[in-house]
Amino acid sequence: MRSRARIVLTGFLVGGFFGLLHLILTFSVPSYSPSSLLSSVYPPALHYTRPDHAPLSTLPRANATFVVLCRNSDLAGIMSSVQQMEDRFNKRYGYPWVFLNDEPFTEEFKTRLSTLTDAHVSFGTIPKEHWVQPDWIDEERAAQQRKSMSTDMLHFIPYAGSVSYRNMCRFNSGFFFQHELLQPYRYYWRVEPDVRYFCDLDYDPFAFMESNGKTYGFTVALEEYRWTILSLWDTVKEFMKESPHLLPDNNLMSFISDDWGNTYNYCHFWSNFEIADMDFWRGEAYTKFFNFLDQKGGFYYERWGDAPVHSIAASLFLRKDEIHFFGDIGYRHDPFQMCPQGDVWTRGRCSCNPKETMDVGVKSCMAKYTKANLTDAE
Ligand SMILES: Nc1nc2c(ncn2[C@@H]2O[C@H](COP(=O)(O)OP(=O)(O)OP(=O)(O)O)[C@@H](O)[C@H]2O)c(=O)[nH]1
Ligand SMILES: *[C@@H]1O[C@H](CO)[C@@H](O)[C@H](O)[C@H]1NC(C)=O
Ligand SMILES: [Mg+2]
C-alpha cells in the first residue's frame, strides 16, 4: 500500500511538473515566437540549407521559368502551390523559379521556398517605378473613383477600394516581363498562392509552346466583372483605329466581341494561370498597346485587370493558332476550376471533380472560344 501510494504521489508530482511546464510555455511567454522557441528545441541539423549545386534535371529544357508575384504574407499559400507544381511536373524537369515582390522577401520566405525545389530559385524586388501609382495620375480623381466603386451598392466590385490591387494589375499588365530576373527567359508559367494543380503532367508544356509556335496558353476562360473596365473597350477601339496594321486577319476577335469589334463581350482568359511567351509582351504591338492604355489612366481611375488587358491583346494581335487551351492541366483558383474531361482526365490521374469545370456554365467563355477558334477569318 505504501509503495503504491508513493507511485501515485510521484505520478502527481511528475505530471504536475510537466503540466506546469506546459502552462508556462503556453501562457507565460506572451510574445511566443515559433522560430526562436523551435530553434532551442530542435538540433541545428534540421535547419535546412540548400546545397550550392543542387542536382538539376539533365533533360533539355526550354528557355522558360516559373514566375510568382507575391507578398511575404502569402508564404503558406505559395508554398502549397509550389509544392504541387514540383510534385505534378517540375521535379522531373527542374525549371527555375523567380519570385517577385514590391518589398524585399524575408529570410524565412527565401529559405522555405528554396527547400521545396532542387531547381534554381531567385528572389527579386520590384523597382518603385514599375509598381507605384505614377505622378501623372490625378490622385483626387482616382480616390473619388475608388470611393464610388467601393460604395456601389448595385454591383459587387472586388478590390474596388484598393490601390495596391491596382498597382498589382498594372504591374502584371506592363512590367513583370521587364524585371531583370526575367530577362534571361522567354516563356513563363505564372503561379499564384493557394491554387490547385489536379493532374500529373507527363510532357513539358514549355517545349510544347516552343515547338508548336504557341504564344499564349490558358486553362480558364470566363467573363470579367464589367464594372471594373467601363471605358476599356472604347480605349481599345481608339487604339485599333490608330494602329490597324498590328492586327492579323485570322486573330481571335470573335472570342472577345460578338459584333465584329463594336462592343466587348467581357470574355477573357483567367490570367492567374498563364503559360506564355514574354517576347510577345516585349514586342512592338503590345508595348504600344500597353502604353496607350496606361496613359488613359484606367488602371487607377477604373480598375482594369491584367486578365482582360492580356486577353484582349492576345485576341487582337496574335493569330488564333498561336493561342492554346491547356485542356489537360487541371487547375483551380477559387472560386473556379477547369477539370480535364474524358481520357485526358485518366491519363493525368486528375483528382478534381470532372463535373465542376469552367468549360461549361453561364459565366464560361469556352463555347465562344471553341467557336471563334474554328471559324475562319471573314
Ligand atoms: N508583392 C505583392 N504581391 C501582390 C500584391 N497584391 C497582390 N499580389 C499578388 O498578385 C497576385 C494576384 O493577387 P490576388 O490577391 O491573388 O488577386 P486575385 O487572384 O484577383 O484575387 P483572389 O486570389 O481571389 O484574392 C497574387 O499572386 C498575389 O500574391 C501586393 O500588394 N504585393
Ligand atoms: C532566352 O530568351 C530570352 C528572351 O527572348 C533571350 O534574350 C535569351 O537570349 C534566350 N536564351 C537562350 C539561351 O536562348
Ligand atoms: Mg489570386
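Quantities reported herein were computed from a predicted structural model and do not represent experimental measurements. Start at 1 and go down the list; that is how both ligands and their atoms are numbered. Residue indices begin at 1 and follow the sequence shown.
- Distance check for Cys199 and Cys352: the SG atoms are not under the 2.5 Å cut-off.
- Residues Phe175 and Phe290 place their aromatic rings such that the two centres sit under 6.0 Å apart.
- Atoms of ligand 2 lying under 4.0 Å from any heavy atom of Arg282, numbered from 1 in the order shown and given with element: 4 (C).
- Between Lys214 and Glu322 there is no salt bridge, since no side-chain N of the basic residue sits under 4.0 Å from a carboxylate O of the acidic one.
- A salt bridge links Arg347 to Asp328: one of the charged nitrogens lies within less than 4.0 Å of a carboxylate oxygen.
- Here the two rings, on Phe289 and Phe239, have centers that are under 6.0 Å apart.
- Remark: SG of Cys339 is not found under 2.5 Å from SG of Cys350.
- To the nearest 0.5 Å, atoms CZ (Arg71) and OG1 (Thr106) are separated by 14.0 Å.
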Ligand 1 polar-atom proximity to protein (N/O, under 3.5 Å):
unit_1	atom_1	unit_2	atom_2	d
ligand 1	1 (N)	Cys70	O	3.0
ligand 1	1 (N)	Asn101	OD1	2.9
ligand 1	1 (N)	Asp102	OD1	2.8
ligand 1	6 (N)	Arg71	NH1	3.2
ligand 1	16 (O)	Glu192	OE1	3.1
ligand 1	19 (O)	Glu192	OE1	3.2
ligand 1	19 (O)	His333	NE2	3.0
ligand 1	20 (O)	Tyr165	OH	2.5
ligand 1	21 (O)	Tyr159	OH	3.4
ligand 1	23 (O)	His333	NE2	3.1
ligand 1	25 (O)	Tyr159	OH	2.2
ligand 1	27 (O)	Leu69	O	2.6
ligand 1	29 (O)	Leu69	O	3.2
ligand 1	29 (O)	Asp74	OD2	2.9
ligand 1	32 (N)	Asp102	OD1	2.8

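- Side-chain N or O atoms of Gln133 include none that pairs as donor or acceptor with a backbone N or O of Glu139 at under 3.5 Å.
- Listed by chain and number, the protein N, O or S atoms at a distance under 2.8 Å from the Mg ion (ligand 3) are Glu192 OE1, His333 NE2.
- Protein heavy atoms are absent from the space less than 4.0 angstrom from atom 9 (O) of ligand 2.
- Under 4.0 Å is where a charged nitrogen must lie from a carboxylate oxygen, and between Arg186 and Glu210 no such pair does.
- For ligand 2, the atoms closer than 4.0 angstrom to any heavy atom of Asp279 are 4 (C), 5 (O).
- Among all non-hydrogen protein atoms, the one lying nearest atom 7 (O) of ligand 2 is Gln183 O, 4.0 Å.
- Checking Leu113, Thr65, Val67, Val191 one by one against Trp97, the side-chain contact (heavy atoms from CB on, under 4.5 Å) holds for a single residue, Val191.
- Taking the ring centre of Tyr197 as origin, the terminal cationic atom of Arg88 falls outside the region bounded by 6.0 Å and 45° from the ring axis.
- Taking the charged nitrogens against the carboxylate oxygens, Lys241 and Glu238 have no contact shorter than 4.0 Å, which rules out a salt bridge.
- Heavy-atom proximity to Tyr185, at under 4.0 Å, picks out these atoms of ligand 2: 2 (O), 3 (C), 4 (C).
- Among all protein heavy atoms, the one lying closest to atom 2 (O) of ligand 2 is Asn63 ND2, 2.3 Å.
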